[in-house]
Amino acid sequence: MYSAIRHLLFQLDAEKAHDVTLKSLKVAYQLKLLPLLIPKIPDKPKTVMGIDFKNPVGLAAGLDKNADYFNALSGLGFGFIEVGTVTPRAQVGNPKPRLFRLEEEKAIINRMGFNNKGLNHLIRQVRNKKDQTTLGINIGKNKATPNEKAIDDYLLGLEAVYPYADYVTVNLSSPNTPGLRDLQFGDPLRQLLEQLKTKQQSLASIFNRYVPMVLKVAPDMADEDISDVVDALLSLEIDGLIATNTTITRPIPDNTLHGNEMGGLSGKPLMPLSTQAIQKFYSHLGGKIPIIAAGGITEPADALKKIEAGASLVQIYSGLIYQGPDLIKDIVRAL
Ligand SMILES: Cc1cc2nc3c(=O)[nH]c(=O)nc-3n(C[C@H](O)[C@H](O)[C@H](O)COP(=O)(O)O)c2cc1C
């Protein structure tokens, strides 16, 4: 059935199709149709970072930036859902068009630029959510905030989402906010993570609840940068790593339609690069903190490769667009 729906949706502009799909899903949820349309997914519980996940397949950040569709997306059977990236203040993101399907390649290029309704809106949404699915909240900085002040935005984000999140993701790896990725390296990274760690510890004692904090990284890191990031993660006792975000490289044929658009590439062609990054991080981390895999999973065998490379959990985004919600069940069964 999904291939027929996809055929219709792919006639629309990519961002329009995204909105139509999510709105339709919400209506189906409200009419209580989802249990009839979506097969029951067997529980496959896994405990990671002290959190009990009902299954190891999550939704990656960026699909539900404002947590407007959390309940409906939970109805698809995800073991966890990561909402955001949310920035302190609402922002419109980059001019449209900014989302492109590379159909032949089962890939997507996006340069959305953290379009979102801001922290206050997201908090209202997660406060009123009905579903109990594990919730990750992914935080970022506003475009207008200079890198020297980035920490202020991340501290605001962590403080605001802490009471509602099961885990918090610090996103320094989007290619669509100018300069953001510079914060992934060296002193800027250490300073940022150090202050966030201090804040996390004080929030844990205020709320009497420890909420793990993970770092989301790009797949485009040199080997020496990877070992530097790992040193920072281990010495500052960061709880986990999400590998990876989209790539600025183009591991696709030269003549691919939309292949030259600016932005981050996701989907099938990202799979090798992103999995290599997991292997490298895993070899340095030695299993001391868990890795959540994202990047190029379009079939169950890909998810297995991520686990073999050292991941504990997986997330999907582009694969869901190309394969539909059955992919969740298929991966859960295969794992
Ligand atoms: C349209 C789009 C928007 C995204 N927005 C975000 C975002 O706001 N924050 C983030 O951390 N990752 C974002 N991502 C990256 C995904 O979470 C994921 O890391 C990446 O797409 C690789 O997974 P995939 O190959 O399964 O899509 C976005 C991806 C896409 C395609």
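Numbers for residues simply follow the sequence, beginning at 1. Basis for what follows: all heavy atoms, side chains included, without hydrogens, waters or symmetry-related copies. Just follow the structure's listing: the first ligand is 1, and inside any ligand the first atom is 1. Because the structure is a prediction, the values reported are computed rather than measured.
When hydrogens are left out, the protein atom nearest atom 15 (C) of ligand 1 is Asn245 OD1, 3.4 Å; that is the closest non-hydrogen contact. For atom 26 (O) of ligand 1, the closest non-hydrogen atom of the protein is Tyr317 N, 3.1 Å. Residue, atom and distance of the protein heavy atom nearest to atom 20 (C) of ligand 1 are Thr246 CG2, 3.9 Å. Among all protein heavy atoms, the one lying closest to atom 2 (C) of ligand 1 is Asn110 ND2, 3.4 Å. Of the protein's non-hydrogen atoms, the one nearest atom 12 (N) of ligand 1 is Lys216 NZ, 3.0 Å. If you check which protein heavy atom lies closest to atom 31 (C) of ligand 1, you get Ser266 OG, 3.5 Å.
In this structure, Arg6 fails the cation-pi test against Tyr322, since its NZ or CZ atom is not both closer than 6.0 Å to the six-membered ring centre and inside 45 degrees of the ring normal. Taking the ring axis of Tyr69 as reference, the NZ or CZ atom of Lys26 stays within 45° of it and closer than 6.0 Å to the ring centre.
When each atom of ligand 1 is checked for a heavy atom of Lys65 under 4.0 Å away, the hits are 5 (N), 6 (C), 7 (C), 8 (O). Near Ser318, meaning under 4.0 Å from any of its heavy atoms, are these atoms of ligand 1: 24 (P), 25 (O), 26 (O), 27 (O). The ligand atoms of ligand 1 that sit less than 4.0 angstrom from a heavy atom of Gly296 are 24 (P), 25 (O), 26 (O). Here is the list of ligand 1 atoms found below 4.0 Å of a heavy atom in Gly62: 4 (C), 5 (N), 6 (C), 7 (C), 8 (O). Atoms of ligand 1 lying under 4.0 Å from any heavy atom of Gly295, numbered from 1 in the order shown and given with element: 22 (C), 23 (O), 25 (O). Of all atoms in ligand 1, numbered sequentially from 1 with element shown, those under 4.0 Å from a heavy atom of Leu99 are 1 (C).
Taking only non-hydrogen atoms, the option from Ile321, Leu63, Thr85, Val83 nearest to atom 9 (N) of ligand 1 is Thr85.
Classification of Arg181 and Asp220 as a salt-bridged pair holds, one side-chain N sitting under 4.0 Å from a carboxylate O.
For Asn260, the CG atom counts as loosely surrounded, since its 6.0 Å shell holds 12 or fewer non-hydrogen atoms of other residues, nucleotides or ligands.
Contact between Thr244 and ligand 1 is present, with at least one heavy atom of the residue lying under 4.0 Å from the ligand. Remark: distances from the non-hydrogen atoms of Ser174 to ligand 1 are all 4.0 Å or more.
Rounding to the nearest 0.5 Å places CD1 of Ile278 at 11.5 Å from CG of Leu285. Remark: Ser318 OG to Leu270 CG distance equals 8.0 Å, nearest 0.5 Å.
Pairs engaging residues 255-277 under the salt bridge (Lys or Arg N to Asp or Glu O under 4.0 Å) rule: Arg111-Glu261, Lys268-Glu299 [sequence neighbours left out]. The side chain to side chain donor-acceptor pair (under 3.5 Å) pairs that include a residue from residues 30-50 are Thr47-Asp52, where partners are two or more places apart or lie in different chains.
Looking at ligand 1, you'll find an N or O of Gly267 within less than 3.5 Å of one of its N or O atoms. Taking distance alone, with nitrogen or oxygen atoms compared against 3.5 Å, Ala61 approaches ligand 1 more closely than that limit.
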side-chain contact (heavy atoms from CB on, under 4.5 Å) evaluation trace for Leu196 with Leu155: CA-CA 6 Å; Leu196 285 168; Leu155 288 172; 3.9 Å; yes
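Between Tyr167 and Tyr162, a ring centre-to-centre spacing not shorter than 6.0 Å is recorded.
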